[in-house]
K.L.:
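Structure incoming, see below.
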Amino acid sequence: MPVLIVIPARYASSRYPGKPLAELKGATGVSKSLIQRSWEAACEVNGVDRVVVATDDDRIKEASEAFGADVVMTSETCANGTERCAEAFDALGGGYEIVVNLQGDAPLTPAWFIEDLVAGLRNDPMAEVATPVLRCDGRALNGFLEDRKAGRVGGTTAVFTTDRHALYFSKEVVPFTSETYADEDETPVFHHVGVYAYRPSALGAYPRWSSGPLEQLEGLEQLRFMEHGRQVLCVEVEARGRQFWELNNPEDVPRIEAMMAEMGTA
């Protein structure tokens, strides 16, 4: 039952133009582009049959091919990574049971996040999309709150039912809590990890649906599935001592580099 990982990457990001080509220095002092680090993270996942970069930009294509990536060119009209994954899936001729969208701004994504995600979708016949969630410790939650106070978009948070089907995703910190937490404390807030696993039927339908008000307000592509009545499964994953952060703003570069240094990531 083959699995495809697509890494959507575009150059013209409104918050961080050229983000996929941003250089990140690892623990050994070696710099690699964000897209290369995302590719290398994808290649560490077990049970995956193919990994491709999907882009509409020749600069990203050339940089990706230079480090050995398989590249699929997509149109400039893709509104988000899910639409780009759908277009890449069609260009490859289908033939995969599950398509994983590993967004190109999450190079610290551990392999087991994706492995658990694929297993979760396979085990829940009601779900058409799955995405990982990670319970925040106090350090992560306080980082989210500091970003919001500074007017920056940090991580996305998720709330879900007792059977782990999503209720909502937001760039605000939800649910609200009035408690204060030390760095190592467990909190009731879950960080949404920007990875998705789709069944081909849901992925194929997505570009044909209109973008709803919640997706437009939050700027979160997964809300389109929910606004059109599709079940999104939240798969809780374990950090196992690993730190995780997405590169959303230029200010995130030193934060991610510090995490890589602390974890010994080359």
K.L.:
Go through the steps to decide whether Gln222 and Thr131 satisfy the test side chain to side chain contact (heavy atoms under 4.5 Å, CB included), and finish with yes or no.
P.N.:
CA-CA 9 Å; Gln222 68 270 32; Thr131 193; 6.0 Å; no

K.L.:
For the residue pair Pro2 and Asp49, what are the closest heavy atoms and their distance?
P.N.:
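Pro2 and Asp49 have their closest heavy atoms at CA-OD2, 3.0 Å.
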
K.L.:
State which residues pass side chain to side chain contact (heavy atoms under 4.5 Å, CB included) with Glu172; sequence neighbours excluded, sorted by chain then number.
P.N.:
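Arg148, Ser170.
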
K.L.:
Quick check: do Glu186 and Asp137 have side-chain heavy atoms less than 4.5 Å from each other?
P.N.:
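When only atoms from C-beta onward are counted, Asp137 and Glu186 do not touch, as no gap falls below 4.5 Å.
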
K.L.:
Quick check for you: to the nearest 0.5 Å, what is the distance between Leu117 atom CG and Cys234 atom SG?
P.N.:
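If I round to the nearest 0.5 Å, the distance is 10.0 Å.
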
K.L.:
Is it true that a side-chain atom of Glu87 and a backbone atom of Thr74 form a donor plus acceptor pair closer than 3.5 Å?
P.N.:
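A pair under 3.5 Å: no.
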
K.L.:
Does Lys171 have any side-chain hydrogen bond (donor to acceptor under 3.5 Å, both in side chains) partners at least two apart in sequence or in another chain, and if so, which?
P.N.:
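Residues passing side-chain hydrogen bond (donor to acceptor under 3.5 Å, both in side chains) with Lys171: none at all.
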
K.L.:
Excluding sequence neighbours, so at least two apart, what forms ring-ring contact (aromatic ring centres under 6.0 Å, His included) with Tyr181?
P.N.:
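So Tyr181 forms no ring-ring contact (aromatic ring centres under 6.0 Å, His included) with any residue.
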
K.L.:
Taking all non-hydrogen atoms of both residues into account, name the closest pair between Pro207 and Arg224 and its distance.
P.N.:
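What the structure gives for the nearest pair is CA-NH1, 4.3 Å.
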
K.L.:
Angle class for the Tyr196/Tyr198 ring planes (parallel below 30°, perpendicular above 60°, tilted otherwise)?
P.N.:
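Parallel: the ring planes of Tyr196 and Tyr198 meet at under 30°.
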
K.L.:
Rounded to the nearest 0.5 Å, how far does CG of Asp185 lie from CG of Leu141?
P.N.:
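Rounded to the nearest 0.5 Å, the CG-CG separation comes out at 10.0 Å.
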
K.L.:
My understanding is that only residues two or more places apart in sequence, or in another chain, count here; which of them pass side chain to side chain contact (heavy atoms under 4.5 Å, CB included) with Asn248?
P.N.:
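By the side chain to side chain contact (heavy atoms under 4.5 Å, CB included) rule, Asn248 matches Arg15, Asp105, Glu246, Asp252.
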
K.L.:
In chain order, what residues pass the salt bridge (charged side-chain N to carboxylate O under 4.0 Å, His left out) check against Arg37, with sequence neighbours excluded?
P.N.:
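Here no residue qualifies.
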
K.L.:
Got a second to check how far Arg240's CZ is from Trp112's CH2, nearest 0.5 Å?
P.N.:
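Going from CZ on Arg240 over to CH2 on Trp112, the span is 5.5 Å.
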
K.L.:
What pair of heavy atoms forms the shortest contact from Leu34 to Lys19, and how long is it?
P.N.:
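In terms of heavy atoms, the two residues are closest at CD2-O, 3.4 Å.
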
K.L.:
For Thr109 and Gln103: C-alpha separation, side-chain torsions, deciding distance, then whether side chain to side chain contact (heavy atoms under 4.5 Å, CB included) applies.
P.N.:
CA-CA 10 Å; Thr109 305; Gln103 300 191 91; over 6 Å; no

K.L.:
Just verifying a value: how many Å separate Arg230 CZ and His165 NE2, rounded to the nearest 0.5 Å?
P.N.:
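One gets 14.0 Å once the value is rounded to the nearest 0.5 Å.
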
K.L.:
Could you go step by step and tell me if Phe67 and Lys32 meet the side chain to side chain contact (heavy atoms under 4.5 Å, CB included) rule?
P.N.:
CA-CA 10 Å; Phe67 59 76; Lys32 298 178 184 178; over 6 Å; no

K.L.:
How many angstroms lie between CD1 in Ile98 and CG in Leu121, if you round to the nearest 0.5 Å?
P.N.:
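Answer for the CD1-CG pair, Ile98 versus Leu121, is 4.5 Å.
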
K.L.:
Over all heavy atoms of both residues, which pair between Val235 and Gly120 is shortest? Give the atoms and the distance, please.
P.N.:
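It is CG2-CA, 4.3 Å.
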
K.L.:
Between Met73 and Val71, is a side chain to side chain contact (heavy atoms under 4.5 Å, CB included) present by the stated rule, with each step listed?
P.N.:
CA-CA 6 Å; Met73 293 302 290; Val71 179; 4.2 Å; yes

K.L.:
List in chain and number order the residues that pass salt bridge (charged side-chain N to carboxylate O under 4.0 Å, His left out) with Glu262, two or more places apart in sequence or in another chain; answer none if no residue qualifies.
P.N.:
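Partners of Glu262 under the salt bridge (charged side-chain N to carboxylate O under 4.0 Å, His left out) test: Arg139.
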
K.L.:
Please work out which of the three classes, parallel, tilted or perpendicular, describes the rings of Tyr206 and Phe225, given edges at 30° and 60°.
P.N.:
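Tilted.
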
K.L.:
Is NZ or CZ of Arg50 both nearer than 6.0 Å to the six-membered ring centre of Tyr96 and within 45° of the ring axis?
P.N.:
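So Arg50 doesn't make the cation-pi contact.
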
